[in-house]
K.L.:
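Structure incoming, see below.
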2 protein chains.
Amino acid sequence: MQRYKEFGLKLTPQRLSILAFLENNKSHPTAEDIYRHIAKKFPTMSLATVYKTLETLKARGRIKEITIDAEKRHFDPETGRHHHAICTGCKKIVDIFMDFDLSAADTDLRGFEITGSHVEFYGLCPDCRKTTTANKR
Amino acid sequence: MQRYKEFGLKLTPQRLSILAFLENNKSHPTAEDIYRHIAKKFPTMSLATVYKTLETLKARGRIKEITIDAEKRHFDPETGRHHHAICTGCKKIVDIFMDFDLSAADTDLRGFEITGSHVEFYGLCPDCRKTTTANKR
DNA sequence: CTGGCTGCAAATCTTTTGCATCCTG
DNA sequence: CAGGATGCAAAAGATTTGCAGCCAG
């Protein structure tokens, strides 16, 4: 893919499949998720390669790491500013493209020089709301 | 301590020392931090006990877990609503007691039933700003 | 060609668990 | 004195690393 040329890294088949999987992916996958998906069609793929590639992409600002789930790391190909909601039931993460006014923080951020911010919401996703309701008696 | 009676759990010396360490603690310690601090004066303390106690306290809503640092889990004895800023240099986490207007999210939260939210800021703390500046030539 | 990339296995780190023993309530 | 708590060691997961061989540029 021509548009990856600018990445300045070698475009191996492994990397191309990782990039292809991430493209327009809204699932906020973990390294394991990516590995499992790719290993189906690419049996020699190694989990270590996935980690190394994710590290490289992150370092070059091509993906972001999401620290909202303490269990494992999730990655997000959407690098523009946005926020997330995580379901406390199934742990699904969804994007929130919305702008919040965080300017109140300008007045006192404990001397920090702020470079970014992120809002996370916790709650029950539509699917889990149904299940939870159904289980109530 | 009388005020712990209501916790409804056995007050062993180990637990009391963990509770004492957490009381008014603004450092957002990890289990390891707590263990290291307590082990000095309480050599038989086990890291597993720290984890188990933190789990218990969290389940009872006495502490919160902070998922802002992918490296390890941090715990916060401050259970009231507040936010955090993490230093991208030294990874220090500080509290932000401030209210933000997140009501814009009411209009579209992808069908989620929201139970909580949290704002995180990233940047350089005062200490790291100095160091970074000093290193620039 | 050559340096970056891959894949395997081993290592590391954090967190959890099993279980015999202990001790608070 | 009973059931929850402790502490050890072992297990479980997630992520990283070392290194020999491979291949994209």
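Quick note on labels: first sequence line is chain A, next is B, and so on, each numbered from 1.
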K.L.:
Has Gln14(A) got a side-chain N or O lying under 4.0 Å from the OP1 or OP2 atom of dG7(C)?
P.N.:
yes
K.L.:
Counting only side-chain heavy atoms from C-beta out, which of dT6(C), dC8(C), dT6(D) sits nearest to Ala48(A)?
P.N.:
dC8(C)
K.L.:
Would Glu55(B) and Arg60(B) pass as an ion pair if we require N to O under 4.0 Å?
P.N.:
no
K.L.:
For residues Ser117(A) and Arg81(A), is any side-chain donor paired with an opposing acceptor at under 3.5 Å?
P.N.:
yes
K.L.:
Using a cut-off of less than 4.0 Å, is there contact between a side-chain N or O of Tyr51(B) and OP1 or OP2 of dT16(C)?
P.N.:
no
K.L.:
So does Lys52(B) reach the base of dG7(D) with its side chain, donor to acceptor, closer than 3.5 Å?
P.N.:
yes
K.L.:
Starting at CG of Leu11(B) and ending at P of dA5(D), how long is that distance when rounded to a whole Å?
P.N.:
10 Å
K.L.:
Please confirm whether the backbone N or O of Ile96(B) pairs with a side-chain atom of His82(B), one donor and one acceptor, at under 3.5 Å?
P.N.:
no
K.L.:
Look at Thr44(A) and dG7(C) and indicate whether a side-chain polar atom (N or O) is within less than 4.0 Å of OP1 or OP2.
P.N.:
yes
K.L.:
Starting from the 5' end of DNA chain D, give me the residue, Thr30(A) or Lys10(A), whose nearest nucleotide shows up first.
P.N.:
Thr30(A)
K.L.:
Checking His83(A) against His118(A): is there a side-chain donor and acceptor pair closer than 3.5 Å?
P.N.:
no
K.L.:
Quick one: Leu47(B) CG to dA11(D) C1', roughly how many Å, whole number?
P.N.:
15 Å
K.L.:
How would you label the contact of Thr49(B) with the nucleic acid (heavy atoms, under 4.0 Å): base, sugar-phosphate, or nothing?
P.N.:
base
K.L.:
Please state how far atom NZ in Lys58(A) lies from atom P in dT16(D), giving the value in whole angstrom units.
P.N.:
7 Å
K.L.:
Can you find a side chain N or O atom of Arg15(A) that sits less than 4.0 Å from OP1 or OP2 on dC5(C)?
P.N.:
yes
K.L.:
Whole angstroms only, please: what is the CD-P distance between Glu32(A) and dA12(D)?
P.N.:
16 Å
